[in-house]
Amino acid sequence: MIVAQWQLDPILIGGILTLALCYGLAVGPLRHRLAPGRSLPRRQIGLFSSGLILLYLAEGSPLHDYAERYLLSAHMFQHLLISYLVPVLWLLGTPDWVLRPLLTHRWVKPVAKTLTQPVVAFLLFSLLFSIWHLPVLYEPALRNSLVHHSEHVVLIAISLLMWWPLLSPLPELPRLSYGGQLVYLFLLPIIQIIAFAFITFADHVIYAPYAAAPRVLGLSPLQDQAIAGAIMKIGGIIAFGTAFIVVFFRWYQNEVGSRYKPKSTKLPAES
């Protein structure tokens, strides 16, 4: 009988509580030092908190058991949550005045400036996301929880970098222009085709632990593998396609707004 349970892993719980504590201190007791007189919209607190909750649901709910022990498709869905949703919620939920002291410190800024360059962020995410799906790295993560946690920490980190050129709150480490964002979002799902094709169209089971796992939902290992590849591709299209549409309409509204902005009606000074 297959039983999937909720996780109370100390590393997972400790990591989430540490993030919550650091965020709470920054926007609470330390706010008067970081940003005197600045307010914090409740919306941002809600977004960051939602990211923490979603992280636990991805890593601590029965989805984790299905992902690690039974279904590659469940594992792929888990990866989409921590790559495409959790980082977005965190970036949108973190005020600029929390990030500025951390990322513009004289020892940190050169590294941050390099890693958040659009080309660097694009390549790091695309390459590492694909490399993690090679059996030589993927299978040890299924057998060892520490390796699995490390994999997901890396995945979240490169996903934060990937989203940075689109969502950066810091002018010191700026976003791409609207046109650049559209090109960036257009190319991201294209470069993932390699990993998608590798998983979806393989004529054999790529990951041995899933071949030997008890069957769930009546899916054969090859069927599960094909579904996992489809989830990867469709998830990417939805995430990047939605962002593409949002950016396009923001660009359009910005162009229309600037074009029809009323000219100054200031009267000439009286002589």
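Heavy atoms only: backbone and side chains are in, while hydrogens, waters and symmetry mates are out. Numbers here simply count residues along the sequence, with the first being 1.
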Would you mind reporting whether Phe125 and Leu161 have side-chain heavy atoms less than 4.5 Å apart? no
What are the two closest non-hydrogen atoms of Leu89 and Ser50, and how far apart are they? CD1-C, 3.9 Å
Heavy atoms, side chains only, cut-off 4.5 Å: are Leu127 and Phe122 in contact? no
Which value, rounded to the nearest 0.5 Å, describes the distance between Asp96 atom CG and Leu103 atom CG? 11.5 Å
Side-chain heavy atoms nearer than 4.5 Å, only ILVMFWY residues, links allowed to pass through others: does that put Ile131 and Met232 together? yes
Which atoms form the tightest heavy-atom contact between Pro135 and Pro140, and what is the distance? O-CD, 3.8 Å
Among all residues two or more places apart in sequence or in another chain, which pass the side chain to side chain donor-acceptor pair (under 3.5 Å) test with Tyr210? His75
Quick test of your reading: applying ring pair (Phe, Tyr, Trp, His ring centres under 6.0 Å), list the pairs with at least one residue in residues 10-41, sequence neighbours left out, ordered by first then second residue. Tyr23-Phe48
Going through the checks in order, is the side-chain contact (heavy atoms from CB on, under 4.5 Å) test met by Phe244 and Leu182? CA-CA 6 Å; Phe244 188 97; Leu182 293 180; 3.8 Å; yes
Taking all heavy atoms of Gly93 and all of Leu47, pick out the closest pair and write down the distance. CA-CB, 3.9 Å
Taking every heavy atom of Pro87 against every heavy atom of Ser159, the minimum-distance pair comes out as CG-CB, 3.6 Å
side-chain contact (heavy atoms from CB on, under 4.5 Å), that's the test. Do Leu17 and Ile13 meet it? Break it down for me. CA-CA 6 Å; Leu17 289 179; Ile13 301 299; 3.8 Å; yes
side-chain contact (heavy atoms from CB on, under 4.5 Å) between Trp97 and Arg31, worked out: CA-CA 9 Å; Trp97 44 266; Arg31 187 171 68 189; 3.3 Å; yes
On a heavy-atom basis, the closest approach of Pro118 and Tyr184 is O-CE1, 3.5 Å
Please check this pair: side chain of Asp224 against backbone of Ser73, looking for a donor-acceptor N/O pair closer than 3.5 Å. yes
Main chain of Leu176, side chain of Gln181: is a donor-acceptor contact present, judged purely on distance under 3.5 Å? yes
Is the shortest side-chain heavy-atom distance between His149 and Asp9 below 4.5 Å? yes
With Phe240 via ring pair (Phe, Tyr, Trp, His ring centres under 6.0 Å) - residues at least two apart: Tyr84, Trp163
Would you say Trp164 and Val183 are hydrophobically clustered, going by side-chain heavy atoms of ILVMFWY under 4.5 Å? yes
Euclidean distance, Arg43 CZ relative to Ile45 CD1, rounded to 0.5 Å: 12.5 Å
Who pairs with Thr94 by side chain to side chain donor-acceptor pair (under 3.5 Å), at least two apart in sequence or on another chain? none
Kindly write out the residues that satisfy side chain to side chain donor-acceptor pair (under 3.5 Å) with Gln223, not counting sequence neighbours, or none if the list is empty. Ser220
Point-to-point distance, once rounded to the nearest 0.5 Å, from OH of Tyr56 to CH2 of Trp6: 6.0 Å
Who clusters with Val153? Use side-chain heavy atoms, under 4.5 angstrom, across I, L, V, M, F, W and Y, and order the result by chain and number. none
Only distances under 3.5 Å count here; give the side-chain donor-acceptor pairs of residues 194-209 to other protein atoms, sequence neighbours excluded, each with its distance to 0.1 Å.
unit_1	atom_1	unit_2	atom_2	d
Thr200	OG1	Phe196	O	2.7
Tyr207	OH	His133	O	2.4

Are Leu52 and Leu85 grouped together when hydrophobic residues (ILVMFWY) are joined by side-chain heavy atoms under 4.5 angstrom apart? yes
Kindly compute the distance separating CZ (Phe129) from CG (Leu155), expressed to the nearest 0.5 Å. 6.5 Å
Under a 4.5 Å side-chain heavy-atom rule over Ile, Leu, Val, Met, Phe, Trp and Tyr, are Tyr66 and Leu57 clustered together? yes
Residues in side chain to side chain donor-acceptor pair (under 3.5 Å) contact with Trp90, at least two apart in sequence or another chain: none
Leu188 to Met162 - nearest heavy-atom pair and separation: CD1-SD, 3.8 Å
When clusters are formed by joining ILVMFWY residues with side-chain heavy atoms under 4.5 Å apart, either directly or through shared neighbours, do Leu146 and Ile156 land in the same one? no
Side-chain touch Pro165/Thr116, heavy atoms, less than 4.5 angstrom: no
Evaluate the side-chain proximity of Gln44 to Pro95: yes if any heavy-atom separation is below 4.5 Å, no if none is. yes
If you round to the nearest 0.5 Å, how far is CG of Leu63 from CG of Leu71? 9.5 Å
Can you list every salt bridge (Lys or Arg N to Asp or Glu O under 4.0 Å) pair that touches residues 226-244, not counting sequence neighbours? none
Taking distance alone, no hydrogens or angles, what donor-acceptor pairs closer than 3.5 Å link side-chain atoms of residues 104-115 to residues at least two apart or in another chain?
unit_1	atom_1	unit_2	atom_2	d
Thr104	OG1	Arg100	O	2.4
His105	ND1	Trp107	N	3.1
Thr114	OG1	Pro110	O	3.0

Is Ile234 isolated, or which residues cluster with it under the ILVMFWY side-chain rule of less than 4.5 Å, directly or via members? Ile238
Who passes salt bridge (charged side-chain N to carboxylate O under 4.0 Å, His left out) against Arg143, sequence neighbours left out? Glu139
Glu59 side chain to His64 backbone, donor-acceptor under 3.5 Å: no
What is the distance from atom OH of Tyr178 to atom CD of Glu255, rounded to the nearest 0.5 Å? 9.0 Å
